[in-house]
2 protein chains.
Amino acid sequence: MKIGRRLIVEESLASVQARRIATEAGCAVGSIYNVFEDLDDLVIALNTVTLTELGQALTKAHDDSRTEPTAARLMALAEAYFHFAGNNRKLWRAIFEHHLPEGASAPPEYRDDQNKLFALVEDCLVGDLPDNVERRSAARALFASVHGIVSLALDRKLGEFEPEETHRQIEFLVGCAARGLSEK
Amino acid sequence: MKIGRRLIVEESLASVQARRIATEAGCAVGSIYNVFEDLDDLVIALNTVTLTELGQALTKAHDDSRTEPTAARLMALAEAYFHFAGNNRKLWRAIFEHHLPEGASAPPEYRDDQNKLFALVEDCLVGDLPDNVERRSAARALFASVHGIVSLALDRKLGEFEPEETHRQIEFLVGCAARGLSEK
DNA sequence: AACATAAATGAACAAAGTTCATTTTTTATG
DNA sequence: CATAAAAAATGAACTTTGTTCATTTATGTT
């Protein structure tokens, strides 16, 4: 039984339904429940793959920019995030569209992947924010900010989605932040 | 038939189900479909109320800060947003948890409410960014950034939710942005 | 009162998640 | 290889939820 993300890519998270996944995988509905606790569990497994890929993309941007100044590095990460989201829209959307029921929380593996992303931003800030606590906080703030811009843009909550416009917004934000940072 | 947001407030968007709404409103299931196209339509109606309330809270912050410098005004708006989200968690979450199916788009009334929020931020930037296009873009970027921070924080995607920490992140971001803005 | 129109109703259907007794396949043992 | 035990796969059946619509009830008009 091989579970793929085709249904998310070609349709959306809403298409990840027990019977369709089963057909797709060439097995019976019940088999899914032998492997996964429930559909939430399966969706998390699929999203973990995407999260890992996102991590790889950001890691590349992080590594490739290692000799550049902070502002450029932050911009490289933000751009990489935006491009990944834009090129893998449905997959990326699935990550944030999926909500665990009330009490439940994601497995450690999933959280680790998340924290790796933050760590990349943190690393770019080592020179500017020597204090660990402060750096940790700032990195998360920056990550969340860029995420917010990309997220609302792709959801078309900021108007029609225009990559150029979103790019400008990211540049504006990261630019301001970098400038604000250097004169702290 | 009176549809309220009690189910969202006390439980979550997931509890907005045809039969429960009907019981709540003291009517038959079918009656809901005489008033609303479908449940999406009903959810949008409920979210519009919340969006209006959010608009009122931000408008107050905007008006109360009218004599202050840009940085303080942006901070006042961001704080108001954070407080509203924190004090109306389920209602606020419902706004962003709800996704229309593929092609569908929200009614004009809903979009107007959204645009009113952006307009408040834009207004704070009139002095610093005289260019209309640039100002429009920057306002949306800032709004989305603060939204991103609040959103991931309340979703506990940045670690455990600690209001103090989120507050610091907002201060960091808006502080950087304001500083970066003034020396443009 | 008689009729027409509008509103409300809830049984019935469809779609989707989940369960689990049964069947099939695999592995282990003599 | 035969046989039994264990593991994996199966899909019919059940549950829950959105939605429809023929029927009933309420309201307004002449």
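Here the structure is a predicted model, which means the values were calculated and not measured. Naming convention: chains lettered A, B, ... in sequence-line order (proteins, then strands); numbering from 1 in each chain.
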Distance-only check: which donor-acceptor pairs under 3.5 Å involve side-chain atoms of residues 103-113 of chain B, not counting sequence neighbours?
from: B:Arg111; atom 1: NH2; to: A:Arg156; atom 2: O; distance (Å): 3.1
from: B:Asp113; atom 1: OD2; to: B:Thr52; atom 2: OG1; distance (Å): 3.2

Side-chain donor-acceptor contacts of residues 25-38 of chain A below 3.5 Å, not counting sequence neighbours, with atom names and distances?
from: A:Asp38; atom 1: OD1; to: A:Asp40; atom 2: N; distance (Å): 3.2
from: A:Asp38; atom 1: OD1; to: A:Asp41; atom 2: N; distance (Å): 3.0

Rounded distance in Å - [atom1] ([X]) to [atom2] ([N]):
{"X": "A:Lys2", "N": "D:dA8", "atom1": "NZ", "atom2": "P", "value": "18 Å"}
{"X": "A:Met1", "N": "D:dA9", "atom1": "CE", "atom2": "P", "value": "7 Å"}
{"X": "B:Phe36", "N": "C:dA8", "atom1": "CZ", "atom2": "P", "value": "12 Å"}

According to the side chain to side chain donor-acceptor pair (under 3.5 Å) rule, which pairs have a member within residues 144-154 of chain A, sequence neighbours left out?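 Applying side chain to side chain donor-acceptor pair (under 3.5 Å) to every pair that reaches into residues 144-154 of chain A, excluding sequence neighbours, yields A:Tyr81-A:His147.
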Which side chain to side chain donor-acceptor pair (under 3.5 Å) pairs, counting each pair once, include a residue from residues 16-25 of chain B, with sequence neighbours left out? B:Arg6-B:Glu24, B:Glu11-B:Arg20
Nucleotides 14-25 of chain C: protein proximity per nucleotide (B base, S sugar-phosphate only, - neither; heavy atom, under 4.0 Å): --BBBB------
Quick one: ring-ring contact (aromatic ring centres under 6.0 Å, His included) pairs with a partner in residues 116-140 of chain B, sequence neighbours left out? B:Phe118-B:Phe143
